[in-house]
Undergrad: 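Below: one structure in structure tokens.
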Amino acid sequence: MAKSKVDQWLAEMEHDVAAAESAGGISSTGVVPLPAEDLGAPVPASTAGDALAALWAPEGKAAAPKKTVEDVLLAEGLIDAAKHGQARAVQTTSRSKSVAQVLMEMGAVGEEDVQRALAKVLNLPYEAIDAKKLERRALEALPTEFMKGRGCCVLRMDEGKVTLGMVDPANVFLLDEIRRRINARNMKVAVVCQAHINAAIEAVNAANTEGEKFDEIIKDIGEEEIEIVEEEKEEVTDLARASGESPVIRLVNFLIFDAIKQGASDIHLEPHEKRLVVRYRIDGVLFEAMNPPHQMHAAVVSRLKIMSNLDISERRLPQDGRIRTMVHGRHVDLRVSTVPTQYGEKAVIRILDNRSIMLGLEQLGFSEDMLTILHKQIERPNGIILVTGPTGSGKTTTLYSCLRCLDGAKLNVSTVEDPVEYHLGFANQIQVHDRIGMTFAAALRALLRQDPDVIMLGEIRDQETAHIAVQAALTGHLVLSTLHTNDAPSTVTRLINIGVEPYLISASVNTVLAQRLVRRICPECKELSSPQDGELREFLTTRGLNPDKVYKGRGCERCRNTGYKGRVGLYELLVLDDVARDLVVRSPNVTELRRICKERGMISLREDGLQKVASGLTTVEEVFAATESAM
């Protein structure tokens, strides 16, 4: 009986997990095909003679000129003499490129025509790769990134005979490396296109994500396997080892692998009355990924609990755990949270990828003027820098980026977080434990006896923490923290409501940065858009934007037909100068403070968003949705 698509990608997942255990990472595999001359056979004497003649010939008997790719293109009428001469002129200034490559960059000829001509010059066959006919075994012979980067792929493997496709068959060093990698003695080569290799790999990878029919996965799962929640804790390890080949484990591995590959920040497993829904949060928006059978719910949640060292027998109380894993050769931490619902436990897996926070301030979307001001504020020896915004607005990423601007070798940088989600090599990070009295205030009080230079607080939550942070700033320390407010001016009111005296706020707070995240227009399908709504066109015109010069994403496979890929920040930077400090001492209302700050040059969140609309980074709809509460 033929394997289902689900069985196929689960088998690939097993291969990737095995690769992670043996090589320290999970590497995805790709696919590609090709055939040609037997490179293992001895070189004929005539061929060797021709090769020597090309290097040296006796006087009076010049060697015959070798036919080139461009000669074939000229002979077949694919290019004319004018294009050929123009390409040769360009090639003389760029010796790293061949004339054929220059012709392709000029648009005079396509890659397929060039590769067909190359095959004729080298007397090798040419093959157009068909992803539907690629063999799984052949595609897994070489790593995906190797095939893409080096322009090669195995097309067929038949009884010890390997057919290899290469973009540049003259690269004998690459041939030797491939021969060693796949231990092939009898190898034939065919000429292929790089575009065909990439398209085939993408097609196969896309096919691997299909398959929402899980009948084949759960056909051998009996009720006794789902009853593992009743086992004693000391038997959990043996149970996990014994079920190493279980389809449930393969499904969980696939969910984690697939979510990371798609760039998701969270995985939601939501039980309903008669179905189980798996959703990914990508670029801040939830997308339904698949619908496994509801019968798998208990087994999947139990597997996650085993991986995160939680109590699989407790299903009435919320639980939180952590999983450390290696994916694509890098460490990825997973935060697992379970909570009981009407139809069973809902599980959410938070993906903590260090690559997402290893960003400089220059990469976060600040304007040049705002970036210059922020750098100056970070370099100040004391005071408080506050980053505000709702949950999920990127405050932690911004704080970490600010810390990376400091010289960790000369400064004592310490952080207090709940929880410590990302590890910083240059900082001393402290985990908050409220149950044992290790609160933000207690940790901050202890840090002040540790000779700190810079302190980062995960959040100012109460009056005690706020007062200690203010005292730390007043005694010569730089304090960075977050606060939940809608915009920068309302931060002052929030601190007053917490219980901090206005004169202390005026003396200690240097900068308040409010921020939001909006989705970035997909660069692959970006196009001009002209709004038809009259009020919107008038609004854009009054703000200095040309309504006929705004952009949107048409929607393509790269962005899941949403028109958006990635996110960019909107920022509102309030720097307390002497005028603002005098105003804060008088405990102003938010409206008055916002008005005066704008008069003194503060750019609001919406204004910064409209500047990014004019730059073609995002859409008007995204800006309006993100700044509705921060006018």
Side-chain angles (χ1 to χ4, degrees), residues 30 104-107 110-112 129 131-132 148 193-212 258-266 278-290 356 363-365 367 392-394 516-541 543-570 605-628:
M104 284 192 294
E105 292 179 359
M106 291 168 53
E111 183 189 9
E112 189 168 356
I129 300 174
K132 297 180 180 179
K148 285 185 175 181
C193 294
Q194 180 70 56
H196 291 178
I197 293 177
N198 296 340
I201 293 174
E202 293 299 328
V204 171
N205 289 342
N208 290 341
T209 63
E210 296 178 356
E212 307 194 358
D258 185 54
I260 294 174
K261 184 175 69 172
Q262 295 197 39
S265 61
D266 301 87
V278 177
R279 298 198 290 173
Y280 298 158
R281 185 177 295 278
I282 303 175
D283 295 336
V285 180
L286 281 170
F287 293 90
E288 188 168 314
M290 61 189 71
S356 64
Q363 300 171 268
L364 299 184
S367 64
S393 59
R516 297 288 191 277
L517 289 179
V518 294
R519 291 183 291 176
R520 189 189 295 263
I521 298 174
C522 175
E524 301 295 330
C525 57
K526 181 178 177 180
E527 64 181 12
L528 276 173
S529 172
S530 180
Q532 301 301 315
D533 185 271
E535 293 184 3
L536 178 57
R537 293 180 64 88
E538 183 179 355
F539 174 82
L540 294 175
T541 302
R543 295 304 179 97
L545 276 72
N546 184 348
D548 295 321
K549 293 292 184 179
V550 295
Y551 293 85
K552 70 173 184 179
R554 181 178 62 256
C556 62
E557 293 182 359
R558 297 289 298 275
C559 62
R560 300 171 302 281
N561 293 313
T562 62
Y564 300 97
K565 188 173 180 61
R567 290 193 286 182
V568 66
L570 308 183
L605 284 167
R606 177 159 289 187
E607 290 170 347
D608 187 52
L610 291 176
Q611 290 179 7
K612 290 180 170 62
V613 170
S615 301
L617 295 176
T618 188
T619 62
V620 179
E621 293 78 11
E622 280 290 300
V623 172
F624 282 178
T627 61
E628 184 176 359

Undergrad: Got a second to check how far Ser529's OG is from Lys549's NZ, nearest 0.5 Å?
TA: 12.5 Å

Undergrad: Yes or no on side-chain contact (heavy atoms from CB on, under 4.5 Å) for Val568 and Leu517, after CA distance, side-chain angles and deciding distance?
TA: CA-CA 6 Å; Val568 66; Leu517 289 179; over 6 Å; no

Undergrad: Would you say that Ile129 contacts Ile197 through its side chain, given a criterion of any heavy-atom pair below 4.5 Å between the two side chains?
TA: yes

Undergrad: Counting C-beta onward and ignoring hydrogens, is there a side-chain heavy-atom pair between Tyr551 and Thr619 closer than 4.5 Å?
TA: no

Undergrad: Judged by atom type as modelled, is there a donor-acceptor pair below 3.5 Å linking the side chain of Gln194 to the main-chain atoms of Lys148?
TA: yes

Undergrad: Atom OG in Ser265, atom CD1 in Ile282: separation rounded to 0.5 Å?
TA: 8.5 Å

Undergrad: Rounded to the nearest 0.5 Å, what's the gap from OG1 on Thr627 to CG on Asp608? Could you check?
TA: 10.5 Å

Undergrad: Rounded to the nearest 0.5 Å, what separates atom CD1 in Ile260 from atom OH in Tyr280?
TA: 10.0 Å

Undergrad: Identify the two heavy atoms, one from Cys525 and one from Gly555, that lie closest to each other, and give their separation to 0.1 Å.
TA: SG-N, 3.2 Å

Undergrad: Has the side chain of Asp283 got a donor or acceptor atom that lies under 3.5 Å from a matching backbone atom of Gly566?
TA: yes

Undergrad: How far does SG of Cys193 sit from CD of Glu112, to the nearest 0.5 angstrom?
TA: 5.0 Å

Undergrad: Please report the closest heavy-atom contact between Lys565 and Cys559, naming both atoms and the distance.
TA: CB-CB, 4.3 Å

Undergrad: Atom CG in Leu364, atom CZ in Arg567: separation rounded to 0.5 Å?
TA: 12.0 Å

Undergrad: For Glu527, I'd like to know if atom CD has over 12 heavy atoms of other residues, nucleotides or ligands within 6.0 Å.
TA: yes

Undergrad: With a 3.5 Å distance limit and no angle check, can you tell me whether Arg516 reaches the backbone of Ala626 through a side-chain donor-acceptor pair?
TA: yes

Undergrad: Counting distance only, does the side-chain N/O of Thr618 pair as donor-acceptor with the main-chain N or O of Val518 below 3.5 Å?
TA: no

Undergrad: Do Glu557 and Glu524 come within less than 4.5 Å of each other through their side chains, counting heavy atoms only?
TA: no

Undergrad: Would you find more than 12 non-hydrogen atoms of other residues, nucleotides or ligands less than 6.0 Å from Lys552 atom NZ?
TA: no

Undergrad: Check this for me: Arg558, atom CZ, are more than 12 non-hydrogen atoms of other residues, nucleotides or ligands nearer than 6.0 Å?
TA: no

Undergrad: Between Arg279 and Glu288, is the closest basic N to carboxylate O distance under 4.0 Å?
TA: no

Undergrad: Nearest heavy-atom pair of Leu545 and Leu610: which atoms, and what distance?
TA: CD2-O, 3.6 Å

Undergrad: Minimum heavy-atom separation for Pro547 to Pro531, with atom names?
TA: O-CD, 3.0 Å

Undergrad: Is the backbone of Tyr564 close enough, under 3.5 Å, to the side chain of Thr562 for a donor and an acceptor to pair up by distance?
TA: yes

Undergrad: Would you say the side-chain atoms of Glu622 pair up with the backbone N or O of Arg520, donor to acceptor, closer than 3.5 Å?
TA: no

Undergrad: Kindly say whether Gly365 contributes a backbone atom to a donor-acceptor pair with the side chain of Lys612 at under 3.5 angstrom?
TA: yes

Undergrad: Would you verify whether the NZ or CZ of Arg281 falls within 45 degrees of the ring axis of Phe287 while also being under 6.0 Å from that six-membered ring's centre?
TA: no

Undergrad: Could you walk me through whether Phe624 and Arg606 satisfy the side-chain contact (heavy atoms from CB on, under 4.5 Å) test, starting with their C-alpha distance in whole Å, then the side-chain angles of each, then the deciding distance to 0.1 Å, before giving a yes or no?
TA: CA-CA 7 Å; Phe624 282 178; Arg606 177 159 289 187; 3.8 Å; yes

Undergrad: Are the side chains of Ser530 and Arg537 in contact, using a 4.5 Å heavy-atom criterion?
TA: yes

